[in-house]
Colleague: 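Please see the structure below; I have some questions.
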Amino acid sequence: MRDIPFPARSIYHDHVFFHLAPRSLRAADKKRSSTLQSRLAARYRACFHARPDPSQHMANKDVTDPARMEKIVSLCKRRGFIFQAGEIYGGLNGCWDYGPLGAELKRNLKDYWWRKTVQERDDVLGMDGAILTMEQVLISSGHVGGFADPMCECPLTKQRLRADQVPASSPGVEYTFLGASDQTTGKTTDKTFTVLIPDEKQDKDRSAQKIALQYYRDLLGKGSAPKTLDNGWTVQPGPREGELYNPENGVLLSEPRMFELMLKANFGATGDQIAYLRPETAQSIFCQYKNVLDSNRVKLPFGIAQCGKSFRNEINPRNFTFRSREFEQMEIEYFCHPDDGLRLTDEWLEERLKFYGEIGIPREKLHILDIPDGERAFYSQKTYDIEYEFPFGIQELEGVAYRTDYDLGVHEKGAGKSLVYFDEETKEKFLPHVVEPSAGCDRTVLALICEAFDEETLTDEKGKEDIRTVLRFVPRMAPIKVGIFPLLKKNEDQVRICREIQKILQPWMTVFYDDGGALGRRYRRQDEVGTPFCVTVDFETLGEQGGELKNTVTVRHRDSMEQERLPISGLLAWLLERVR
RNA sequence: GCGGGCGUAGCUCAGUGGUAGAGCGCCACCUUGCCAAGGUGGAUGUCGUGAGUUCGAAUCUCAUCGCCCGCUCCA
């Protein structure tokens, strides 16, 4: 991908930059362009006071790279990173299993996050809450009822509209059609269709018939045969009380339906007790905030971190593991004095960006959105989205949200228990505010793979070209740290020494022994799964070429393909320094 | 959930009503003294699943599951 130079601009701190590499669009897809363009334009408005003309930077740069994504998905399956859940039964939509290498990768990410956020900080404690969640908790948080918007559907355009956002219709005449038939196929329908034609419209009967025919044409099949409106129609003044009409075409919308956004679990002897699978790990933290505080002698500001599974009934899982029904979150709820909330939100953003750098996602590939007023959740005073340039588009990895005292407030009220904090020093009593850096674990794993994936063209002495597929994980994320190979598998001494080296390294890191095929091929196999180092035991190791190189091995580097000679005795220390 | 496209070996795909295929990968043996594809042999499929039409279905029809694109949604 080519990058168009663009000035980064500081918006609130000198050290935080908005990365504005404007993404452009596939010229072939105009419809898509316009949506994306408007979305991007909105982002520019959101991020800048004085904004540059986005259109200047939109050209000639593909925002998506489906071919690259296909290769990544294929590699993931072929080498055992990620499989579709229940694949042999046809697969379960929106669910994925991590294979051997994927599990290592994900574990490395979670372990590193835990180490950095919990173990190496004095002010953050860990917890691990239950997945099954009481309905009461989620009623208080607003997940039951509150966030599930009733939606209506337009039978003509199939558009979905939020019932509470449909504007009132102006007075007119409501036509109800009672059915139609197709003269050639003989197909008929008695489905009714209702449309409101506003009073100011001329020739209402014709307008109503035209739109009804459009509806029945879609229903009966798109053949060219004329359709007839059977049974005529009825007319009454509209709009009727309590009914909603599509503002664009006047069509009567379907009854509002609630969308089930959470997954339920039934249990108890007769299965009539219900609980929800948590839609986020945050709620158990809020509910246990007081217990953690009381049992650990901590003072504000402090945080509680949790990593674990959450579940959402995604309408439309998509983009490989990016949007799944079951996913893992890495969340921190950082409790603080109300005066410190905004400052800490900025500090956490910076902290989290540092983290992404440490796991191998460069700052240039991250986009930070400062979500403007009106687009944030109503309780949030500040929200940053950290987005990554996936091959399928720029998508969110993490949100850093200043949630004020909303969460503790609703649980205090819902549970009827005081969650007020008493500051010994200032003698002040208050409900703590919360800053929440909430990261998607599976998304980050996907970002790690996407970022690491590379195809390198090598040219040998004869000028022959060869493509090397390599995953350039930073060593601390790599599923396998070291490959161990005998130069010749028939040489018993080489094999024995390899096994000895394996025993030395195994307690400290993942290693992989391989003696299959030519040595170069083994190197390439490890490149493809991102193993940063390979150790080869050869004839020098055995001391056959004079004693000088005895007990040394070749260490080969994944990225440069260069080699160096190291003594076996120093191997463990040398590797530990580089893989942690 | 709606509309369009698609589903054949581990992967990428060819095969449009008449014996299930190719390349790569994989396994075994040989060869190989440090960057893949040299030799010999081998395994692999209920053609996504189920029903229907047909003497006969990977191929046609319907349903279903899944994937991709677009809408919609994303606390």
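Residue numbers start from 1 in every chain, and the chains themselves are labelled A, B, ... in the order their sequence lines are given, proteins ahead of strands. Just so you know, these numbers come straight off a predicted model, no measurement behind them.
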Colleague: Please confirm whether A:Phe322 and A:Phe392 have ring centers closer than 6.0 angstrom.
Modeller: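 For A:Phe322 and A:Phe392, the ring centres are under 6.0 Å apart.
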
Colleague: If you check the A:Ser74 side chain, which of B:U32, B:C35, B:U12 turns out closest?
Modeller: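 Of the options given, the side chain of A:Ser74 lies nearest B:U12.
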
Colleague: Of the nucleotides B:C74, B:C67, B:G33, which has the atom closest to the A:Arg312 side chain?
Modeller: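 Between B:C74, B:C67, B:G33, the one nearest the side chain of A:Arg312 would be B:C74.
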
Colleague: Please give the distance between the P atoms of B:U44 and B:U59 as a whole number of Å.
Modeller: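 Nearest-Å result for B:U44 against B:U59 at atom P: 23 Å.
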
Colleague: Quote, to the nearest angstrom, the P distance that separates B:C6 from B:U61.
Modeller: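 Taking atom P in both B:C6 and B:U61, they lie 12 Å apart.
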
Colleague: What is the distance, to the nearest angstrom, from the CE atom on A:Met69 to the C1' atom on B:C11?
Modeller: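 Computing the A:Met69:CE to B:C11:C1' distance gives 16 Å.
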
Colleague: Would you kindly give the CG-to-C1' distance between A:Asn491 and B:U32, to the nearest whole Å?
Modeller: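 After rounding, the gap between these two atoms is 14 Å.
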
Colleague: Counting only heavy atoms not in A:Glu548, do more than 12 fall under 6.0 Å of its CD?
Modeller: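 Incorrect, the count does not exceed 12.
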
Colleague: Determine the interatomic distance between P on B:G45 and the same-named atom on B:G21; round to the nearest Å.
Modeller: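 So the two P atoms sit 13 Å from each other.
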
Colleague: Does the side chain of A:Lys77 get closer than 4.0 angstrom to OP1 or OP2 of B:C11 through an N or O atom?
Modeller: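 Indeed, a polar side-chain atom of A:Lys77 lies that close.
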
Colleague: Which one is paired to B:C13, where only Watson-Crick or G-U wobble pairs with both distances under 3.5 angstrom count?
Modeller: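 Across all strands, the one nucleotide that pairs with B:C13 is B:G21.
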
Colleague: Are A:Gln563 and B:C35 close enough that a side-chain N or O sits under 4.0 Å from OP1 or OP2?
Modeller: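 No, A:Gln563 has no side-chain N/O under 4.0 Å of OP1/OP2 on B:C35.
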
Colleague: Could you tell me how far B:A63 sits from B:G5 if I compare only their P atoms? Round to whole Å.
Modeller: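 Per the computed distance, 14 Å lies between those P atoms.
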
Colleague: Which nucleotide, in any strand shown, forms a Watson-Crick or G-U wobble pair with B:U40, with both distances under 3.5 Å?
Modeller: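 Check on B:U40: paired to B:A28, both distances under 3.5 Å.
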
Colleague: Taking B:A22 as the reference, what is the distance to B:U64 when you measure between their P atoms (whole Å, please)?
Modeller: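 Comparing P positions in B:U64 and B:A22 gives a spacing of 36 Å.
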
Colleague: On the 0 to 90° scale, with breaks at 30° and 60°, tag the A:Tyr402-A:His433 ring pair as parallel, tilted or perpendicular.
Modeller: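 Ring orientation of A:Tyr402 relative to A:His433: tilted.
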
Colleague: Determine whether any donor atom in the side chain of A:Arg323 lies under 3.5 Å from an acceptor atom in the base of B:C74, or the reverse, and answer yes or no.
Modeller: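 Per atom types, the contact qualifies.
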
Colleague: Would you kindly check whether a donor in the side chain of A:Arg556 faces an acceptor in the base of B:C35, or vice versa, at under 3.5 angstrom?
Modeller: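 Counting by modelled atom types and ignoring angles, a donor-acceptor contact under 3.5 Å is found here.
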
Colleague: Would A:Arg578 count as a cation-pi partner of A:Trp574, with NZ or CZ less than 6.0 Å from the six-membered ring centre and within 45° of the ring normal?
Modeller: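 Yes, a cation-pi geometry holds between A:Arg578 and A:Trp574.
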
Colleague: Work out how far the P atom of B:G25 is from that of B:G38, and round it to whole angstrom.
Modeller: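 Straight-line distance between the two P atoms is 8 Å.
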
Colleague: Report the distance from atom NZ of A:Lys489 to atom P of B:G33, rounded to the nearest whole Å.
Modeller: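 Nearest whole value for this atom pair: 15 Å.
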
Colleague: Does any nucleotide pair with B:C62 by Watson-Crick or G-U wobble geometry, both distances under 3.5 Å, and what is it?
Modeller: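 For B:C62, the partner nucleotide comes out as B:G50, under the 3.5 Å rule.
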
Colleague: Both A:Ala377 and A:Arg78 contact RNA chain B. Taking the nearest nucleotide for each, which residue is further toward the 5' end?
Modeller: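 By nearest-heavy-atom nucleotide position, the 5'-most residue is A:Arg78.
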
Colleague: Whole angstroms only, please: what is the CD1-C1' distance between A:Ile139 and B:A75?
Modeller: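 Between C1' of B:A75 and CD1 of A:Ile139: 16 Å.
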
Colleague: Give a yes/no answer on whether the side chain of A:Arg521 brings an N or O atom under 4.0 Å of OP1 or OP2 in B:G38.
Modeller: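 No.
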
Colleague: With respect to the side chain of A:Arg524, which nucleotide from B:A36, B:A75, B:U31 is positioned closest?
Modeller: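 Nearest to the side chain of A:Arg524 among the choices is B:A36.
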
Colleague: Measure the spacing between CG of A:Asp97 and CZ of A:Phe81 and express it to the nearest 0.5 Å.
Modeller: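 The CG atom of A:Asp97 sits 15.5 Å away from the CZ atom of A:Phe81.
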
Colleague: What nucleotide, of B:A75, B:C30, B:C26, holds the atom closest to the side chain of A:Lys490?
Modeller: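 Between B:A75, B:C30, B:C26, the one nearest the side chain of A:Lys490 would be B:C30.
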
Colleague: Any side-chain N or O of A:Asn319 less than 4.0 Å from the OP1 or OP2 oxygen of B:C69?
Modeller: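 Answer is yes, contact under 4.0 Å.
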
Colleague: Which nucleotide in the set B:C35, B:G33, B:C26 lies at the smallest distance from any side-chain heavy atom of A:Met561?
Modeller: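 The answer is B:C35, which lies nearest to the side chain.
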
Colleague: Name the pairing partner of B:C2, where a pair is Watson-Crick or G-U wobble with both distances under 3.5 Å, or state none.
Modeller: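 Checking every strand shown, B:C2 finds its partner in B:G70, with both distances under 3.5 Å.
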
Colleague: Rounded to whole angstrom, note down the C1' distance from B:U12 over to B:C26.
Modeller: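 It works out to 16 Å between them.
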
Colleague: Does a side chain donor of either A:Gln329 or A:Ser310 reach within less than 3.5 Å of an acceptor in the other side chain?
Modeller: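 Distance-only check passes for A:Gln329 and A:Ser310.
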
